[in-house]
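Inspection log for the structure reproduced underneath, given as structure tokens.
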Amino acid sequence: MPYLIRRISRAKWEEIEQGEVSADAITNDLKTVQNDLSVWLIQNKEELEKAVLALITGAKQTKLSTLHLVLIEEKLVKSNSLVLKDTEGDTVIKSLQNLHRDIGDLTYSKLGTIKDLILNCIKSDSYALYTKRQLKDLVKSAVESGELLKESLNPDLVSNEKI
């Protein structure tokens with residue numbers, strides 16, 4: 001079953017009331033660019049590390065920190081009339097760039113739908129946590145396997161994380 005992966009700040013998603021979340025959760029975690037919200041597509045949960053690796057190897061990535069993710073079923077996005085666009089992802093790993101999608105043409109009410117999908121992910125444990133140590137190990141493993149060229153990473157990331 002395909003999933004769309006989105007990074008969130010888990011602490012901001014503590015429910016205030018039924019279906020309500022803090023404004024910070026919406027403005028920080030659902031920040032759009034030209035009414036589009038960036039996500040990564042995986043075909044099943046076993047591919048989650050591909051999306052994680054794509055997320056942490058963006059050209060501007062300078063440090064690693066704990067990563068909280070929600071796994072939204074792709075069919076739920078489509079059944080809620082949300083538009084998925086194929087867009088190239090910001091990762092230095094060329095083979096992962098095509099996993100990127102944007103949930104597009106968003107409006108205020110459509111962001112509310114995404115908020116509800118995220119809350120449902122948290123309630124149903126369709127959620128993942130990666131520690132800084134796990135992320136560093138993932139990057140090192142990708143470098144060792146040849147999937148990732150160390151030279152392609154942001155030099156600040158290499159220096160800050162001693163990769």
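Scope of the values below: all heavy atoms of this structure, side chains included, with no hydrogens, waters or symmetry mates. As the structure is a prediction and not an experimental result, all values here were calculated from the model.
A donor-acceptor pair shorter than 3.5 Å can be found between the side chains of Thr91 and Thr57. Ser38 and His100 share a side-chain donor-acceptor pair at under 3.5 Å.
With hydrogens and angles ignored, the 3.5 Å screen pairs a side-chain donor or acceptor of Asn44 with a backbone N or O of Glu47. Looking only at distances, no side-chain donor or acceptor of Lys115 sits under 3.5 Å from a matching main-chain atom of Val21. Although no hydrogens or angles enter the test, the distance criterion places no donor-acceptor pair under 3.5 Å between the side chain of Ser141 and the main chain of Leu138. Judged by distance alone, with hydrogens and angles left aside, the side-chain atoms of Arg6 form a donor-acceptor pair with the main-chain N or O of Asp29 at under 3.5 Å. Using a distance-only test at 3.5 Å, with no hydrogens or angles considered, a donor-acceptor pair links the side chain of Gln61 to the main chain of Lys63. With hydrogens and angles disregarded, a donor-acceptor distance shorter than 3.5 Å links the side chain of Lys136 to the backbone of Glu161. The main-chain N or O of Pro155 is never found under 3.5 Å from a side-chain atom of Ser159 such that the two would form a donor-acceptor pair. In this structure a side-chain-to-backbone donor-acceptor pair under 3.5 Å is missing from Ser9 to Lys12. Of the possible polar contacts, none joining the Asn80 side chain to the Leu82 backbone as a donor-acceptor pair under 3.5 Å is found. No donor-acceptor pair closer than 3.5 Å links the side chain of Asp102 to the backbone N or O of Gly104.
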What verdict does the side chain to side chain contact (heavy atoms under 4.5 Å, CB included) test give for Glu88 and Asn98, after you've listed the backbone C-alpha separation in whole Å, the side-chain angles of each residue and the deciding distance to 0.1 Å? CA-CA 6 Å; Glu88 188 173 287; Asn98 65 339; over 6 Å; no
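In plain terms, the two heavy atoms of Thr66 and Thr131 that are nearest each other are OG1-CA, 4.2 Å. Counting all heavy atoms, side chain and backbone alike, Asn154 lies closest to Ala59 at ND2-O, 3.0 Å. In terms of heavy atoms, Trp40 sits closest to Leu96 at CZ3-O, 3.3 Å. Minimum interatomic distance between Ala51 and Ile42 (heavy atoms only, all atoms of both residues): CB-CG2, 3.8 Å. Closest non-hydrogen pair, Trp13 versus Ile122, comes out as CB-CD1, 3.5 Å. The heavy-atom pair separating Ile56 from Leu157 by the smallest distance is O-CD2, 3.9 Å.
For Lys50, the NZ atom counts as loosely surrounded, since its 6.0 Å shell holds 12 or fewer non-hydrogen atoms of other residues, nucleotides or ligands.
Each of Ser126, Ser124, Cys121 was evaluated against Val70; a single residue qualifies, Cys121, per the side-chain contact (heavy atoms from CB on, under 4.5 Å) test.
Side-chain heavy atoms closer than 4.5 Å link hydrophobic residues (I, L, V, M, F, W, Y) into clusters, and following such links, even through other members, never connects Leu4 to Leu71. No single ILVMFWY cluster, assembled from side-chain heavy atoms under 4.5 Å apart, contains both Leu117 and Val83. Linking Ile, Leu, Val, Met, Phe, Trp and Tyr residues whenever their side-chain heavy atoms come within less than 4.5 Å places Val52 and Leu148 in a single cluster. Hydrophobic clustering places Leu135 together with Leu153 (ILVMFWY residues linked when any side-chain heavy atoms are closer than 4.5 Å, directly or through intermediates). In the hydrophobic clustering of ILVMFWY residues, with side-chain heavy atoms under 4.5 Å counting as a link, Val92 and Leu67 come out together.
Under a 4.0 Å N-O distance rule, the pair Lys85/Asp105 qualifies as a salt bridge. Between Asp86 and Arg101 a salt bridge is recorded (basic side-chain N to carboxylate O distance below 4.0 Å). Salt bridge annotation for Lys140-Glu144: absent, with no cationic side-chain nitrogen under 4.0 angstrom from a carboxylate oxygen. Using a 4.0 Å cut-off between a side-chain N of Lys or Arg and a carboxylate O of Asp or Glu, Lys60 and Asp90 do not qualify as a salt bridge.
A heavy-atom distance below 4.5 Å is found between the side chains of Glu73 and Met1. Taking the side chain as every heavy atom from C-beta outward, Gln43 and Tyr3 never approach each other to under 4.5 Å. A 4.5 Å side-chain heavy-atom check between Leu48 and Leu69 finds at least one atom pair inside the cut-off. At least one side-chain heavy atom of Ile114 sits under 4.5 Å from a side-chain heavy atom of Leu37.
Taking CG of Asp137 as the reference point, atom OH of Tyr130 lies at 12.0 Å (rounded to 0.5 Å). Taking OH of Tyr127 as the start and CD1 of Ile118 as the end, the distance is 11.5 Å to the nearest 0.5 Å. To the nearest 0.5 Å, atom NZ of residue Lys31 and atom CG of residue Leu111 are 12.0 Å apart. Taking CG of Leu55 as the reference point, atom CG of Leu64 lies at 11.5 Å (rounded to 0.5 Å).
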